[in-house]
S.K.: 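Got a structure here, written out as structure tokens. Questions coming.
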Protein chains: 2
Amino acid sequence: MDLRLLRYFVAVAEELHFGRAANRLHMSQPPLSRAIRQLEADLGTTLLHRSAAGVSLTPAGATLLTEARNLLEQSEQVRARVNAAASLTVGILADSTDPGIARLADSYRRLHPTVTITIRDADLTDPTCGLRAGLVDIAITRAPFDPTGLHLHELRADPLGAVLRTDDPLATRDRLTLADLADRAWFQFPPGTDALWQSFWNGGQSREGPVVRAVQECIQAVLWNGTIGLAPLGHHLSEELVVVPVTDLPPSPVVAAWPATDTNPLIPAFVQLAATAYRG
Amino acid sequence: MDLRLLRYFVAVAEELHFGRAANRLHMSQPPLSRAIRQLEADLGTTLLHRSAAGVSLTPAGATLLTEARNLLEQSEQVRARVNAAASLTVGILADSTDPGIARLADSYRRLHPTVTITIRDADLTDPTCGLRAGLVDIAITRAPFDPTGLHLHELRADPLGAVLRTDDPLATRDRLTLADLADRAWFQFPPGTDALWQSFWNGGQSREGPVVRAVQECIQAVLWNGTIGLAPLGHHLSEELVVVPVTDLPPSPVVAAWPATDTNPLIPAFVQLAATAYRG
DNA sequence: ATCGCCGATACCCGGTGGGTATCATCGCTG
DNA sequence: CAGCGATGATACCCACCGGGTATCGGCGAT
């Protein structure tokens, strides 16, 4: 059985007219007639009643119409699924300053040269980097966020510090507590941001402060407006900023997250590679 | 996408060797290589890693392997379902003496000349005429029987009578009750026969008597052994038998039955035709 | 370094899928 | 009732494609 013939048959069965169907298929009528006869011979049944009055479906033809539509639909899905298995989009959040992700992508490309891997920088609105919206296949992000329907894999946990201007009175301290920062203005995330995540990144409390949508905006908020935020230690954000450890905050985990329903075989391989890359 | 190419791909993916796969497909290696390249070009992805060491699947290839197997399997099912929709096997029970079924088959053939309709006479063991075993698409039989998983359509209800030899003392009566027959030997159906059906055709009670497997055997049992049985009125069974109405039995319904899961479009058409044929 | 295995390439041929021209049939209409 | 128009079937042709054979190239093993 040939999918081409099924496509032809569906056209004829829908039009109930060889001429119109041929037109729709951008071909002439005689080869179409022949193709349908061929399909009938292949299946060993008559699919259409032909008469000068018109064309009508036999019971076998009616069955084939629905079955063929179904099969053609599924063949398209196969195409889509195979294409999905040939490319991987990874969303990253807040770690755009981290060179690790670039090295990770490179080593993945070396391992799977046939796979197109794309890194997408997400904005802070969505800690799952568009995972639920289907924009990315995997998110590399920082917990916490609502994990419903997601598989998670913790890659690393970073101690957190307060991001301060170098001329801040606290900037010379080698450690801080949340109490030291209680009177400062904190970031505000846009509405719709995961509540868990928002409260954590504000030091576990609801805070007042300017709205930020991207990492660059956070840095600017600290530099220009004297607000304060949290960041993993060891990242060099700017010449004019320091990150001072805050001792009474739990470390911030970096997690890989992907939809529990996603069967893309590239995902486990990527997560494993990410795990070794982040461990080192 | 061409199912032929998918078949080729499955062979190569299973053998992981172009030569062996070509052998399995009864073709030579070069056109097979070309076909796989074609499939890759069509899908826009590499499906196989080729090296002198051997062939291995890319992630997209692994996905396609399962998807292709699935699609090929389904294409075979389409073929089977279309063939099923082009032929109808009707099982009939106990009414082989009824000329109505022959007329019904003829008028169905006139209505659907492309459909092969086959009438199968069932034995008394199975009142559903092999419906559950898949031997027939529709059963025209007499209730009662276990209707689980079946759709039923009552075609007619016949008053019942006792089948007696013409020289039986009761043969001249114009009506009887079950009480009149209480001391007679009744039929016995083979083990496995539907219990509902068995008890009904024995006058609603468990009875002693010879085992019968076919209508002919029932007639012979009455003629030769003096046993007794029930039959719808108005059928001429034999010159030496009469059917005397039994007034305290409910009429016996003739029903069309077919599997609730069967989507064969021939079934509704046949049932409708049967309904009008039996009504007349 | 060389041999051997295996997939790729080059090239050829016949069948098939597409085309055009025309026929046959049937329903409609004047 | 004859002629016309519409529609599917048939006849025939051509280009392309799916199959074949012969051979190359590259990598691994010895």
Side-chain angles (χ1 to χ4, degrees), chain A residues 1-58 60-62 64-65 68 72 75 110-111 113-114, chain B residues 1-58 60-62 64-65 68 71-72 75 110 113-114:
Chain A
M1 205 169 22
D2 189 341
L3 292 184
R4 183 182 58 93
L5 295 181
L6 291 187
R7 256 181 285 275
Y8 289 1
F9 174 75
V10 169
V12 175
E14 284 176 355
E15 299 287 344
L16 290 177
H17 190 290
F18 279 75
R20 281 197 299 275
N23 204 27
R24 200 172 107 181
L25 294 166
H26 306 296
M27 65 189 291
S28 59
Q29 170 260 319
L32 179 58
S33 286
R34 196 176 49 187
I36 300 297
R37 288 222 168 273
Q38 221 171 299
L39 182 61
E40 288 180 323
D42 177 37
L43 292 173
T45 46
T46 311
L47 299 169
L48 298 166
H49 288 298
R50 290 100 158 154
S51 77
V55 174
S56 64
L57 290 169
T58 65
L64 184 60
L65 178 56
L72 291 170
S75 79
R110 222 169 303 122
L111 238 80
T114 60
Chain B
M1 204 168 22
D2 189 342
L3 291 183
R4 183 182 58 93
L5 296 181
L6 292 187
R7 257 182 284 275
Y8 289 1
F9 174 75
V10 169
V12 175
E14 283 176 356
E15 298 287 344
L16 291 177
H17 190 289
F18 280 75
R20 280 197 300 274
N23 205 27
R24 201 172 106 184
L25 294 165
H26 306 296
M27 65 190 292
S28 59
Q29 169 261 319
L32 178 58
S33 286
R34 194 175 51 186
I36 301 296
R37 288 221 168 277
Q38 223 172 297
L39 181 61
E40 288 179 323
D42 177 37
L43 293 172
T45 45
T46 312
L47 298 169
L48 299 166
H49 288 298
R50 289 97 157 158
S51 76
V55 174
S56 64
L57 291 169
T58 65
L64 184 60
L65 178 56
L71 200 66
L72 291 170
S75 79
R110 221 169 305 120
T114 59

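Quick note on labels: first sequence line is chain A, next is B, and so on, each numbered from 1.
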S.K.: In residues 27-36 of chain B, what donor-acceptor pairs under 3.5 Å come from side-chain atoms, sequence neighbours left out?
M.R.:
{"from": "B/Gln29", "atom 1": "NE2", "to": "B/Ser33", "atom 2": "OG", "distance (Å)": "3.0"}

S.K.: Work out which heavy atom in A/Arg7 is nearest to a heavy atom in B/Met1; give both atom names and the distance.
M.R.: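 That closest heavy-atom pairing would be NH2-O, 4.1 Å.
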S.K.: Reckon B/Arg34 touches a base, only the sugar-phosphate, or nothing at all at heavy-atom distances under 4.0 Å?
M.R.: base
S.K.: Give, ordered by number, those residues of residues 25-32 of chain B having at least one heavy-atom distance below 4.0 Å to an atom of DNA chain D; if nothing qualifies, reply none.
M.R.: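 By residue number: B/His26, B/Met27, B/Ser28, B/Pro30, B/Pro31.
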S.K.: Give the C-alpha distance, both sets of side-chain angles, the deciding distance and a yes or no for side chain to side chain contact (heavy atoms under 4.5 Å, CB included) between A/Leu39 and A/Leu6.
M.R.: CA-CA 8 Å; A/Leu39 182 61; A/Leu6 291 187; 4.3 Å; yes
S.K.: Rounded to the nearest 0.5 Å, how far does OG1 of A/Thr46 lie from CD of A/Glu40?
M.R.: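 Answer for the CD-OG1 pair, A/Glu40 versus A/Thr46, is 5.5 Å.
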S.K.: Return no unless some side-chain N or O of A/Ser33 is found under 4.0 Å from OP1 or OP2 of D/dG8.
M.R.: no
S.K.: For A/Leu65 and A/Ala13, which heavy atoms make the closest approach, and how far apart are they?
M.R.: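 The answer is CD1-CB, 3.7 Å.
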S.K.: Can you give me the first and the last nucleotide of DNA chain C (5' to 3') that has an atom within less than 4.0 angstrom of a non-hydrogen atom in chain A?
M.R.: C/dG17 to C/dC26
S.K.: Restricting to non-hydrogen atoms, name the atom on B/Arg20 and the atom on B/His17 that form the minimum distance, rounded to 0.1 Å.
M.R.: N-ND1, 3.0 Å
S.K.: Rounded to whole angstrom units, what separation is found between the CG atom of B/Leu5 and the P atom of D/dG18?
M.R.: 7 Å
S.K.: Roughly how many Å is it from CZ in A/Phe18 to C1' in D/dT10, rounded to a whole number?
M.R.: 14 Å
S.K.: Under 4.5 Å between any side-chain heavy atoms of B/Leu72 and B/Val10, yes or no?
M.R.: yes
S.K.: Examine D/dG18: is either OP1 or OP2 under 4.0 Å from a nitrogen or oxygen in the side chain of B/Arg4? Give yes or no.
M.R.: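 For B/Arg4, the contact criterion (side-chain N or O under 4.0 Å from OP1 or OP2 of D/dG18) is met.
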S.K.: Atom CZ of B/Arg50 and atom P of D/dG28: how far apart are they, to the nearest Å?
M.R.: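 From B/Arg50 CZ to D/dG28 P: 17 Å.
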S.K.: Atom CG of B/Asp42 and atom CG of B/Asp2: how far apart are they, to the nearest 0.5 Å?
M.R.: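 Result: 9.0 Å between the selected atoms.
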